[in-house]
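Here the structure is laid out as structure tokens; the discussion comes afterwards.
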Amino acid sequence: MSDVVDIAETAGPQSSLRRALALLRVIAAGDAAGMRLKDIALTAGCGQPTAHRALRDLMAEGFVEQAAGGKRYRLGLDFFVLAARAGQAGGLRDLARPALLRLSATLSDTVFLLVRSGYDAICLDRIEGPFPIRTFTGDIGGKVPLGLGQGSLAMLAHLPEAEREAVIRFNMPRLLDRGYLDEAALRSALDTTRAQGWVNLNRGLIPGMAGVAVPILDPEGRAVAALSIGTLAERLREERLPNIVAMLRVEAAALAARLNPFDMAMRYPARSLGTIAM
């Protein structure tokens with residue numbers, strides 16, 4: 001790695017800081033699931049004992065954490081908090097709030113901002129429309145298994161294949177418990193969603209309810225969030241659907257262009273909800 005200092009050759013008090021920064025760069029450039037100690041040391045150009053001491057200091061400050069049974073190291077929450085503060089004053093919720101307000105005012109429907117949290121989708125924000133509706137997520141902070149409802153379908157469909165398969169295997173029993181038809185129906189819905197880039201549910205588990213959703217994609221094309229409309233089935237006719245989809249896509253594209261990759265809401269949505277004053 002050309003931009004990493006050869007920390008094996010440095011010495012003295014100042015080198016401790018340089019050593020820690022070098023390790024942060026190595027971990028940031030490595031596997032998102034974490035790196036083993038020997039790989040970190042090899043990439044950084046230092047011995048394992050030296051790397052281990054620096055990693056302990058970084059862990060004590062919250063900039064690095066251990067994952068996968070303590071055998072791998074990855075960037076910690078405090079690192080992303082600092083990066084988020086440097087990158088943007090507000091997180092995804094603040095960024096998306098004007099879009100939700102515009103959509104709700106224009107369409108006279110309830111609009112949701114959903115984010116992924118492991119095997120679930122969490123409602124990070126919601127703007128109420130004038131029509132009474134029932135939803136799976138309920139209010140802000142509510143969650144559902146990925147695959148249930150239009151917003152979570154939009155996110156699940158646009159995950160990398162290996163991740164998507166892992167979620168399907170884990171969530172299928174949960175979805176069946178919630179009344180989902182079967183795995184074939186889920187896979188068919190995901191195929192359709194990937195092909196057209198949006199989800200339209202105009203019949204299903206909640207009688208009389210309908211919804212449309214589009215994913216919000218990061219630069220790698222992975223869905224990190226979704227914009228979703230919840231409405232009465234009678235309001236989601238074929239003549240109205242194209243305009244709704246077009247509006248959602250415009251707002252989702254604008255949000256995608258402004259995403260902060262260090263936003264805590266996209267890594268730890270449940271924690272970020274604790275900062276929301278409702």
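Bear in mind the structure is a predicted one, so any value in this text is a computation, not a measurement. Hydrogens, waters and symmetry mates play no part in the numbers below; they use all other heavy atoms, side chains included.
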Exercise: identify the closest heavy-atom pair between Arg178 and Val144: NH2-CG1, 4.2 Å
Test side chain to side chain contact (heavy atoms under 4.5 Å, CB included) applied to Tyr119 and Leu146, step by step: CA-CA 6 Å; Tyr119 296 103; Leu146 281 172; 5.5 Å; no
Minimal non-hydrogen separation, Leu114 against Gly151, with atom names: CD1-CA, 3.4 Å
Interatomic spacing from CG in Asn243 to OG1 in Thr106 - rounded to 0.5 Å: 11.0 Å
Spacing of Leu103 atom CG and Glu251 atom CD [to the nearest 0.5 Å]: 5.0 Å
Shortest non-hydrogen contact from Leu37 toward Ala51: CD1-CB, 3.9 Å
Pairing residues for Leu241 by the side-chain contact (heavy atoms from CB on, under 4.5 Å) criterion, not counting sequence neighbours: Trp198, Asn200, Val212, Leu236, Val245
Whether Thr193 side chain and Ala189 backbone form a donor-acceptor pair below 3.5 Å: yes
Val250 reachable from Leu217 in the ILVMFWY side-chain graph, under 4.5 Å edges: no
Set of side chain to side chain donor-acceptor pair (under 3.5 Å) partners for Asp39, sequence neighbours left out: Arg36
Salt-bridge present (Asp57, Arg19; N to O < 4.0 Å): no
With Arg169 via salt bridge (Lys or Arg N to Asp or Glu O under 4.0 Å) - residues at least two apart: none
From CG (Leu23) to OG1 (Thr43), nearest 0.5 Å: 10.0 Å
Partner of Gln150 under side-chain contact (heavy atoms from CB on, under 4.5 Å), chosen from Val214, Ile229, Leu201: Leu201
Any donor-acceptor N/O pair, Arg116 side chain to Ala223 backbone, under 3.5 Å: no
Candidate pair Leu107 and Arg240, rule side chain to side chain contact (heavy atoms under 4.5 Å, CB included), full reasoning: CA-CA 10 Å; Leu107 298 171; Arg240 192 167 182 255; 3.9 Å; yes
Worked check of side chain to side chain contact (heavy atoms under 4.5 Å, CB included) between Phe112 and Arg126: CA-CA 4 Å; Phe112 303 86; Arg126 165 178 170 152; 3.5 Å; yes
4.5 Å side-chain heavy-atom contact, Ile140 and Arg93: yes
Euclidean distance, Leu100 CG relative to Leu227 CG, rounded to 0.5 Å: 6.0 Å
Taking every non-hydrogen atom, the tightest pair across Leu92 and Val115: CD2-CG1, 3.6 Å
Heavy-atom pair with the smallest gap, counting every atom of Pro215 and Ala154: CB-O, 3.8 Å
ILVMFWY cluster, Leu95 and Val224 together (side-chain gap under 4.5 Å): yes
Where Asp109 and Gly230 come nearest, the two heavy atoms and their spacing: CB-O, 4.0 Å
Spacing of CG belonging to Leu75 relative to CD1 belonging to Ile27, to within rounding of 0.5 Å: 6.0 Å
Separation of Arg56 CZ from Tyr73 OH (nearest 0.5 Å): 9.0 Å
Note, Met209 side chain near Leu232 side chain (heavy atom, < 4.5 Å): yes
Verdict with reasoning, Arg222 to Leu159, per side chain to side chain contact (heavy atoms under 4.5 Å, CB included): CA-CA 5 Å; Arg222 177 198 303 262; Leu159 292 180; 4.1 Å; yes
Main-chain N/O of Thr110 paired to Ser104 side chain as donor or acceptor, under 3.5 Å: no
4.5 Å side-chain heavy-atom contact, Arg187 and Ile168: yes
Heavy-atom side-chain proximity of Met172 to Leu175 below 4.5 angstrom: yes
Transitive ILVMFWY side-chain link Leu101 to Ile244, under 4.5 Å: yes
